[in-house]
Enquirer: 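To start, I am sharing the structure in question, which I have written as C-alpha cells.
Only heavy atoms go into these numbers, but all of them, side chains included; no hydrogens, no water, no symmetry mates. Each residue takes its place number in the sequence, starting with 1. Indexing begins at 1, ligand by ligand and atom by atom, following the structure's order.
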Amino acid sequence: MDLGIKGRRAIVCAASKGLGKACAMALAREGVDVTINSRTRDVLEATAKEIRDATGVKVTTVPIDITTPEGRRAVLEACPEPDILINNAGGPPPGDFREWDRDVWLRAIDANMLTPIELIKATVDGMIARKFGRVVNITSSAVKAPIDVLGLSNGARSGLTGFIAGVARTTIKHNVTINNLLPGYFGTDRAMSTIKAQAEKSGITPEEAQAARIKTIPAGRFGQPPEFGALCAYICSAHMSFVTGQNFLIDGGAYPGTF
Ligand code: NAP
C-alpha cells in the first residue's frame, strides 16, 4: 500500500535507538525526509547513515536534549515546517514514589508531558495552514495499565493523554490528526532496564524477570521495533485523516481488557 506521504518532512524526537529509530526508518522507507534527534552524537550519526543507506531520503541530525528549550529550538530550526511530528523522549527512571521530590516530578513532567505539548504548539498552526499534519506521541501501555515502579511515567504520560484528547478534536477538520502510540514490552535498551529494576525489587535475576514478563504477553515474545515503526508510519499516512485523539496499544495482546 502506498501511504501517500512521499516527499513529506518529519521530525522524529529521541530517534537514535529503539522505538524512535524504528519510526524514523519506517517513515524514511515511505520517502519522508526525516530530522532526527538524540543526545549522543556518534550514535545519532550512525543511525542517520543507516537510514540514508537504506532509503536514500534526506536525513538531518540534531544532537541535543529535546527536553530543554534550546533542544526544541534547535530541532525546529533544522525543520521549521514539519508535516509529521513524532514526539518521544527517554522515559523517567523507575523507583518508589516516596523517594521522588518536586524536582524529580518536574523533570518527568517536562520530558514526557510538556516537551510534546511545546512541540505541538510550535508546529500545529503551520500544519493547519498547509492542510496536512500528523502528530504521534509515543507514550506507554502504562497509561492504560500502570506499572508500579514507573509511577513517574504513569503520571506524566496520563497528563499528556488528557491534554491530547481535547486538542486533537480541534485540528482534525484541517486534516491535522494527533494520536498516541502505546508500546507494551519491546526488546529495547529501555525495556531491559525496566525489567532489571523490577527484578531488583522482587529479589530475582533479570533473566527470571524477563521470562516472567514474557509469560504475561499472549504473543509469547517482546515486540520488535520495526513492528512499532510500521504502525507509526500508517498512522502518519494520507489514509488516516479520519482518526484523531486515539490511543493505539501495541503490546502483543498483554492488556487484558475488552475496551
Ligand atoms: P531506548 O531504546 O532506550 O531509546 C531511547 C532513545 O531516546 C535513544 O535514541 C536516546 O538517545 C533518546 N533519548 C533519550 N532521552 C533523550 C532526550 N532527553 N533528548 C533526546 N533524545 C533522548 O528507548 P525505547 O524503548 O525506544 O523507548 C522510547 C520511549 O518509549 C521511552 O519514553 C520509553 O519509556 C517508552 N516505552 C518503551 C517501552 C519498551 O518496551 N521499549 C514500553 C513502554 C514505553 P540518547 O540517550 O543518546 O539521547
Enquirer: Using the six-membered ring wherever Trp is involved, compare the ring planes of His239 and Tyr234 and label them parallel, tilted or perpendicular (cut-offs 30° and 60°).
Expert: parallel
Enquirer: Using a 4.5 Å cut-off on heavy atoms from C-beta on, say whether the side chain of Asp189 contacts that of Lys17.
Expert: yes
Enquirer: Going from CD1 on Ile64 to CZ on Arg73, what distance comes out if it is rounded to the nearest 0.5 angstrom?
Expert: 9.0 Å
Enquirer: So which of Leu85, Ile86, Asn175, Val176 actually passes side-chain contact (heavy atoms from CB on, under 4.5 Å) with Arg134?
Expert: Asn175
Enquirer: Which residue in the set Asn180, Asn179, Val136, Leu182 passes side-chain contact (heavy atoms from CB on, under 4.5 Å) when paired with Phe248?
Expert: Asn179
Enquirer: Counting only heavy atoms and a distance below 4.0 Å, can you name the residues contacting ligand 1?
Expert: Ala14, Ser16, Lys17, Gly18, Leu19, Asn37, Ser38, Arg39, Thr40, Ile64, Asp65, Ile66, Thr67, Asn88, Ala89, Gly90, Gly91, Ile138, Thr139, Ser140, Arg157, Pro183, Gly184, Tyr185, Phe186, Thr188, Asp189, Arg190, Ala191
Enquirer: Among the clusters formed by ILVMFWY side chains lying less than 4.5 Å apart, do Phe132 and Leu27 turn up in the same one?
Expert: yes
